[in-house]
Amino acid sequence: MARSRVPILIMGVVLWCCLTTPAKAEYMKYKDPKQPIPVRIQDLLDRMILEEKIGQMVQIERKVASAEVMKEYFIGSVLSGGGSVPAPQASAETWINMVNDFQRGSLSTRLGIPMIYGIDSVHGNNNVYKATIFPHNIGLVKKIGAATALETRATGIPYAFAPCIAVCRDPRWGRCYESYSEDPQIVKDMTDIIPGLQGDIPTDSPKGVPFLAGKNNVVACSKHYVGDGGTTKGINENNTVIDWQGLLSIHMPAYYTSIMKGVSTVMISYSSWNGIKMHANRELITGFLKNTLGFKGFVISDWEGLDRITYPPHANYSYSIQAGIHAGIDMVMVPYNYKEFIDGLTFHVKNNVIPMSRIDDAVRRILRVKFVMGLFENPLADNSLVDQLGSQEHRELAREAVRKSLVLLKNGQSLNQPLLPLPKKTSKILVAGSHADNLGYQCGGWTIEWQGFNGNNRTIGTTILAAIKNTVDPSTNVVYKENPNAEFVKSNNFSHAIVVVGEHPYAETDGDSMNLTIADPGPTTIRNVCGAMKCVVIIISGRPVVIEPYLASIDALVAAWLPGTEGQGVADVVFGDYGFTGKLPRTWFKTVDQLPMNVGDPHYDPLYPFGFGITTEPTKRQSDDKPFLSTTTPLLYFWDFPSRMERPRIVGTLLMGILVWCCMATSANADTKMIYKDSNQPYNVRIKDLIGRMTLEEKIGQMIQIERNVSSPEVMRKYFIGSLLSGGGSEPTPQASPKDWIDMVNEFQKGSLSSRLGIPMIYGIDAVHGHNNVYKATIFPHNIGLVSRIGVVTALEVRATGIHYVFAPCIAVCRDPRWGRCYESYSEDPKIVQDMTEIIPGLQGQIPSSYPKGVPFVGGMESVAACAKHYIGDGGTTKGINENNTVIDNKGLLSIHLPGYVSSIRKGVATVMISYSSLNGVKMHANYEMVTNFLKKNLRFKGFVISDWEGIDRITSPPHANYTYSIEASVNAGLDMIMLPYNYTEFIDGLTYLVKNSFVPMSRIDDAVKRILLVKFTMGLFENPLADERFVKQLGCEEHRELAREAVRKSLVLLKNGKSADAPLLPLPKKASNILVAGSHADNLGYQCGGWTIKWMGFSGNNLTTGTTILTAIKNTVDPTSKVVYNENPDAEFVKSGGFSYAIVVVGEHPYAETKGDNLNLTIPEPGPSTITNVCGTVKCVVVVVSGRPVVIQPYVASIEALVAAWLPGSEGQGVADVLFGDFGFTGKLSFTWFKTVDQLPMHVGDPHYDPLFPLGFGLTTQPAKAHNTENVKHTSALCSAIISPCLQLQSNFAGLVLSFFICLRISDFFSSWASNMVLIFSNCCFSLLKSLLLFFLSNFLFFSHIHCVYLHLSFCLPLLYPFASLLILS
């Protein structure tokens, strides 16, 4: 019987294996569409080997691809170069079959990662036979994008290398027709093609993350990043020489917009920027595009772009690979030598030339796009969209685009004798020119072939000649002769002639032209025809060309650009079915000697200026253009049909109706709802409604911020003041309570609410290290860590005084400690400063992930509006002189001073304050490029920009020398709110004058007021304008002081500890006979807090606010038997004779703010150095330096046993003692380089002369003298509670209480073996028990009567101990 069970057992095991093998087939998260994309990416990335990762980074040409190549090399992408097709005149089905064949090769790999197929769909699916070819880069872009996407998807392709968002600044460039304009704004607007191609991005889509709507859309590619349209003389792939401001304002805006619209990929330019090849430019690709702009899609090279990093191309391919990948390129368009690339990149990774993190970043980005595209769910294309290719609907759209893109440059020899529109019915029309009957010429480059084609047989469409024949009356004779001689023209009695000439097709470098002449025989044709008869000349070109020599003989001149396949659109307008409406997106020069010439240039003297275009009316209105009610139509049509008898009745009815309508309208008007007061309405609707009601005076009032000293409710009401502030030290009364502050703020607010529209004011204050103007507020250390929590607490304390706006944080990057505001900066390191912008969500509240970027955010009544300051470069002035000039190149500005602002804007910062300083000689308060173009337009900041205190006065030197100019310069630069703070009537009068005389446009005023109102609506001020007292207890509460104390502990940096590492002085023993405390800063709360505390310049002494000095903290901390002797500046004899165990010397800088703090020697003020010398030369000492920056300390270091940088610790000096005496360890690190001598300055990490006393990031650490193991306490307490709880059910049962006590004691004893503080643990465990014992003894004087309960109680409690028996025995 036993043996018979063995086969059964074996069979069961086999069956179990069979059943569980498929069940245990690994769950691959990356294949699960229900998983979030980041989870899928990480899961897949973790599974990939190096070969698979590098394969994903490769894009190869279809000619060298096969299913086997895709599988063997894990190729991530395939492309069709210009003219690369599966077969001549291939059908949509042929394309689909080819793409799917490659895809199946990819899907057959180990992980089955689909490839992505890309193609240059730059004006339609232009490689493909029968596709609709749209005009090159003109309007209607969104609709054209959607049609292009459908036609590209019709061939099974999901990725288009479009749009080109170059800004062509010189028409000699061979790619100028790929650019929308010379004007950055037009190019920026044309990025609307991206939602056309990819689909409309949802409003809650995270910015910077690629987006694709579905299978009817394609992934787009913004190209060519960046500056390709600005090369010298327009030479393709040349060097773009331009400063940083020019790059940002001209070539960069469209990239910001593209990223905001969810563009999935960005292609790098062949060109160089100021000599650096873009394919190797890490600063602009990784530093700016990825890190600063937050682009999360993938970056792709151009065709053989890496090869061209060197000259000649491919001269050092190993270097090119390293430079390109290190720069941040994720996918490389190889397109042929993929094996060499794979081998080279593999070598670099395996030899640590390129880190694996860079490879992972690239692959993560590529996978993100593929997941977003849905390629893992739908990798294979089907035939569902094949009928979209060249569909009639798309051709009609292309025809419309042609009509709207034509620009009429001349119409008749005089205004009174226009030639256009031409009559359709006439005897005989001459059509001439090389481009009249040539579909290839009409389409231009990038059509069927890379360089385009010549003739009518490579694709289908309508030539201009065919269109003319289709349009004219059947009785009109159309004669076509490509290049007629003058005799032919004169002898044929033509009514008029149409000459169609221009450029031959070209692409890229082949199109570079230094003369820009019309291709022969075009000029001859113009002369022969137009010299003999009335003619209209239609120019087919990708750019302006030389036309001035022929202009006099031309009656009408039309710029038709490159109209594509639908030439019928040209005839539609020439013959008047539609009017001319197009305007020049480029300046039309007179001669090439003027080039480059763009609108705004000093030498601007065009033949036709940018934006020029003559308009005409259609000869008959098209049905789609009919207005709802013609303005020329009589209003009362009914007079034509009623009988005479009916007319009086109708009139009476009409009059009665009008009367009733008027009454109703009047009544409705009286109750017209003020939409801006309706909190259910969107902000933009409320803003529009309110601004529509405002007078100029009310708008200007909103732009003003005045000091509380000059304000009153009457001033607020009369001048419609938008904001108030308290300057440093400005308070309602000395040592004012929160209620005093609230009453004052509300009084002003009531004045604002009593104005005509009741727009609430916003009250601002400098809460730069806590609510530092206010008595009893918690004063935090100046600009250190824990910023998010400090921000939350600061917001609560500010709200406690009824204030809702803080001028914080200062995100300056202090590059020279001689600057008097260095302590307001977090670091010399931009990354640290960028990280510290986490204070913004602390102040304003955590911004929702779906919140639109750039829009201000304030989380609620517990939060305040923040202000990132001082924009920009204030920490980099020459020699650290406040308000001085910051001389820095573009890269430096971008990499050092800008990152904090980019992060702040992403975190929803509500306002930005402008710096007093200049940037390369331009005052920031008057810097239009940086304020409007960069901050507002490029970074898309939607909050308001505020000046600094009297900031606009300082635009001139001396300040206020030409105040009218200062007002005009600052407001036109983009400042929205002006911190005056006193001379508000002068400002109001000046700005009113400037607006009424058109020096400042009303649009600028409206923009400023919209931004201010947006912040106010966001803050909820219209719903809750008045403050209440709900938060008053938050001011300086114990919880906040504990946080400040923690911040002090963590900010202290230990620079030296003992004469050697083996003999540390710190932590100090608490028990000592005599302890000397010395130094000017040991017992001075004002010195301890620094500037911007109670007063602008800070204060000296202990009587202006509350807190704990370092001396008091020491006394609180040492053992009661230790004697603490304080002598501010003892002489050496006193020290020697005192028998001190050790000394603590606390010295440093006196408080200061702004320019008063500029210091070219950075020495510790006397008697600090004397104190150090006297004390540390005699007794073991620790020196605590209280300062806002590194100071000269090297001369004293040898005599100092231990040295601590305490910065400006604020009101909670107890945190210093906590660490000195070892309750906590030192953990802080230097956020600034500590120099040896001031002669080294400025000096930062990475400088060639970097030789610091203590480097950036330095800091010794110590362990606490006793462990504060709160986790053990917590767990032990919980365990005790679980055990003794039943024993405490009956408080009167003494035996139960005693038993519980001993149980708790036993557990505590066990835990003390691994927790250092048994007393603490024991007290926590038994706390509730001891309370019960106390109650017991109070309520039971005679407890003997309860002894009889012992047995019962033991019986109840003991079973609970069994699970813990082994634990108790082991202990």
Side-chain angles (χ1 to χ4, degrees), residues 781-784 814 817-818 822-823 827 1047-1058 1065-1066 1068 1076-1091 1098 1109-1111 1113-1114 1128-1129 1142-1152 1157 1159 1161-1177 1180-1210 1213 1215-1220 1226-1238 1241 1252-1256 1258-1260 1262:
H782 266 290
N783 283 17
I784 51 85
C814 177
R818 293 174 290 188
C822 202
Y823 66 84
S827 179
V1048 173
R1049 292 194 295 260
K1050 291 183 175 178
S1051 66
L1052 301 179
V1053 181
L1054 182 58
L1055 300 175
K1056 182 180 180 182
N1057 192 13
L1065 177 61
L1066 298 178
L1068 296 170
L1076 172 63
V1077 179
S1080 53
H1081 289 58
D1083 192 32
N1084 194 312
L1085 196 59
Y1087 284 8
Q1088 193 171 298
C1089 292
T1109 67
I1110 294 172
L1111 174 62
I1114 292 168
E1128 184 175 331
N1129 185 28
Y1142 54 81
I1144 301 171
V1145 178
V1146 190
V1147 293
E1149 297 185 295
H1150 296 163
Y1152 54 82
N1159 189 331
N1161 56 46
L1162 292 177
T1163 53
I1164 296 171
E1166 288 292 349
S1170 301
T1171 307
I1172 293 172
T1173 304
N1174 292 343
V1175 175
C1176 297
K1180 284 185 178 180
C1181 75
V1182 52
V1183 172
V1184 179
V1185 178
V1186 175
S1187 66
R1189 54 195 165 188
V1191 290
V1192 173
I1193 197 70
Q1194 189 184 34
Y1196 322 112
V1197 170
S1199 64
I1200 294 170
E1201 292 276 339
L1203 178 62
V1204 177
W1207 311 113
L1208 297 170
V1216 177
D1218 288 344
V1219 185
L1220 288 180
F1226 281 93
T1227 59
K1229 304 296 179 184
L1230 285 180
S1231 56
F1232 294 95
T1233 295
W1234 204 296
F1235 57 87
K1236 292 176 180 175
T1237 69
V1238 290
L1241 300 177
L1253 182 63
F1254 302 108
L1256 176 76
F1258 178 82
L1260 303 174
T1262 64

Colleague: Evaluate the side-chain proximity of L1203 to F1254: yes if any heavy-atom separation is below 4.5 Å, no if none is.
Modeller: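 SC-SC contact between F1254 and L1203 confirmed.
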Colleague: Just wondering, more than 12 heavy atoms not from K1180 lying within 6.0 Å of its NZ?
Modeller: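 Not more than 12 within 6.0 Å, no.
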Colleague: Looking only at atom types and distance, does a side-chain atom of Q1088 sit under 3.5 Å from a main-chain N or O of G1210, one as donor and one as acceptor?
Modeller: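 Checked: pair present.
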Colleague: Return the set of residues passing salt bridge (Lys or Arg N to Asp or Glu O under 4.0 Å) with K1236 (not counting sequence neighbours), or none when no residue passes.
Modeller: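 Counting only residues at least two positions away or on another chain, K1236 forms a salt bridge (Lys or Arg N to Asp or Glu O under 4.0 Å) with D1251.
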Colleague: Could you state the interatomic distance from SG (C1181) to CD1 (I1172), rounded to the nearest 0.5 Å?
Modeller: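 Between atom SG of C1181 and atom CD1 of I1172 there are 8.0 Å.
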Colleague: Check whether W1207 reaches the backbone of S1051 with its side chain - one donor and one acceptor, N or O, closer than 3.5 Å.
Modeller: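 Yes.
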Colleague: Taking C-beta and beyond as the side chain, do F1226 and V1204 meet within less than 4.5 Å on heavy atoms?
Modeller: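 Answer yes - side chains close enough.
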Colleague: Under 3.5 Å, side-chain donor or acceptor atoms of residues 1189-1199 against the rest of the protein: list the pairs with distances, not counting sequence neighbours.
Modeller:
residue, atom, partner, partner atom, Å
R1189, NE, E1149, OE2, 2.8
R1189, NE, Y1152, OH, 3.2
R1189, NH1, P817, O, 3.1
R1189, NH1, W819, O, 2.9
R1189, NH1, G1157, O, 3.1
R1189, NH2, E1149, OE2, 3.0
R1189, NH2, G1157, O, 2.7
S1199, OG, Y1196, O, 3.0

Colleague: Could you report the tightest heavy-atom contact between T1109 and A1082, atom names first, then the distance?
Modeller: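 The answer is CB-O, 3.7 Å.
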Colleague: Given side chains that start at C-beta, do those of W1234 and P1255 come closer than 4.5 Å, heavy atoms only?
Modeller: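 No, side chains not in contact.
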Colleague: Calculate, to the nearest 0.5 Å, the distance between atoms NZ and CG belonging to K1229 and L1052 respectively.
Modeller: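 The distance works out to 13.0 Å.
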Colleague: Just verifying a value: how many Å separate N1174 CG and N1129 CG, rounded to the nearest 0.5 Å?
Modeller: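 N1174 atom CG to N1129 atom CG measures 6.5 Å (nearest 0.5 Å).
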Colleague: So do the side chains of L1220 and V1184 get within less than 4.5 Å of each other, counting heavy atoms only?
Modeller: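 The answer is yes, as the side chains (C-beta and beyond) meet within the 4.5 Å cut-off.
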Colleague: Pick from I1200, V1183, V1145: which one makes a side chain to side chain contact (heavy atoms under 4.5 Å, CB included) with V1175?
Modeller: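 Passing option: V1145.
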Colleague: Evaluate the side-chain proximity of F1258 to L1055: yes if any heavy-atom separation is below 4.5 Å, no if none is.
Modeller: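 Heavy-atom side-chain distance check passes, below 4.5 Å.
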Colleague: In a check of side chain to side chain contact (heavy atoms under 4.5 Å, CB included) between V1186 and each of V1216, I1110, V1147, which one passes?
Modeller: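 Only one of V1216, I1110, V1147 forms a side chain to side chain contact (heavy atoms under 4.5 Å, CB included) with V1186, namely I1110.
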Colleague: So which heavy atom on L1208 is nearest to which on C1089, and how close?
Modeller: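 That closest heavy-atom pairing would be CB-O, 4.0 Å.
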Colleague: Give me the atom names and distance for the closest heavy-atom approach of T1233 to P1252.
Modeller: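 For T1233 and P1252, the tightest heavy-atom pair comes out as CG2-CB, 3.5 Å.
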Colleague: So, N1057 side chain and L1065 main chain: donor-acceptor pair closer than 3.5 Å or not?
Modeller: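 Side chain of N1057 to backbone of L1065: a pair is present.
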Colleague: Are any side-chain N or O atoms of H782 and backbone N or O atoms of G1091, one a donor and one an acceptor, separated by less than 3.5 Å?
Modeller: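 Such a contact is found between H782 side chain and G1091 backbone.
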Colleague: Check step by step if side chain to side chain contact (heavy atoms under 4.5 Å, CB included) holds for T1237 and L1253.
Modeller: CA-CA 9 Å; T1237 69; L1253 182 63; over 6 Å; no
Colleague: What pairs meet the salt bridge (Lys or Arg N to Asp or Glu O under 4.0 Å) rule with one or both residues in residues 1164-1173, with sequence neighbours excluded?
Modeller: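 Every candidate salt bridge (Lys or Arg N to Asp or Glu O under 4.0 Å) pair involving residues 1164-1173 fails, so no pair, neighbours aside, qualifies.
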Colleague: Give me the atom names and distance for the closest heavy-atom approach of S1231 to S827.
Modeller: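 Smallest interatomic distance, heavy atoms only, reads O-OG, 2.6 Å.
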Colleague: Rounded at 0.5 Å granularity, tell me how far SG in C814 sits from OH in Y823.
Modeller: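 Here the interatomic distance stands at 12.0 Å.
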Colleague: Taking all non-hydrogen atoms of both residues, which atom of G1090 and which atom of P1151 are closest, and how far apart?
Modeller: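 Scanning both residues completely, I find the closest heavy atoms to be C-CB, 3.8 Å.
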Colleague: Would you mind reporting whether L1054 and V1219 have side-chain heavy atoms less than 4.5 Å apart?
Modeller: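 V1219 does not reach L1054 side chain to side chain.
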Colleague: Between T1171 (side chain) and G1079 (backbone), is there a donor-acceptor pair under 3.5 Å?
Modeller: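 A pair under 3.5 Å: no.
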Colleague: Do Y1142 and V1182 come within less than 4.5 Å of each other through their side chains, counting heavy atoms only?
Modeller: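 Contact flag for Y1142/V1182 side chains = no.
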Colleague: Taking it one step at a time, do L1241 and L1162 satisfy side chain to side chain contact (heavy atoms under 4.5 Å, CB included)?
Modeller: CA-CA 11 Å; L1241 300 177; L1162 292 177; 3.8 Å; yes
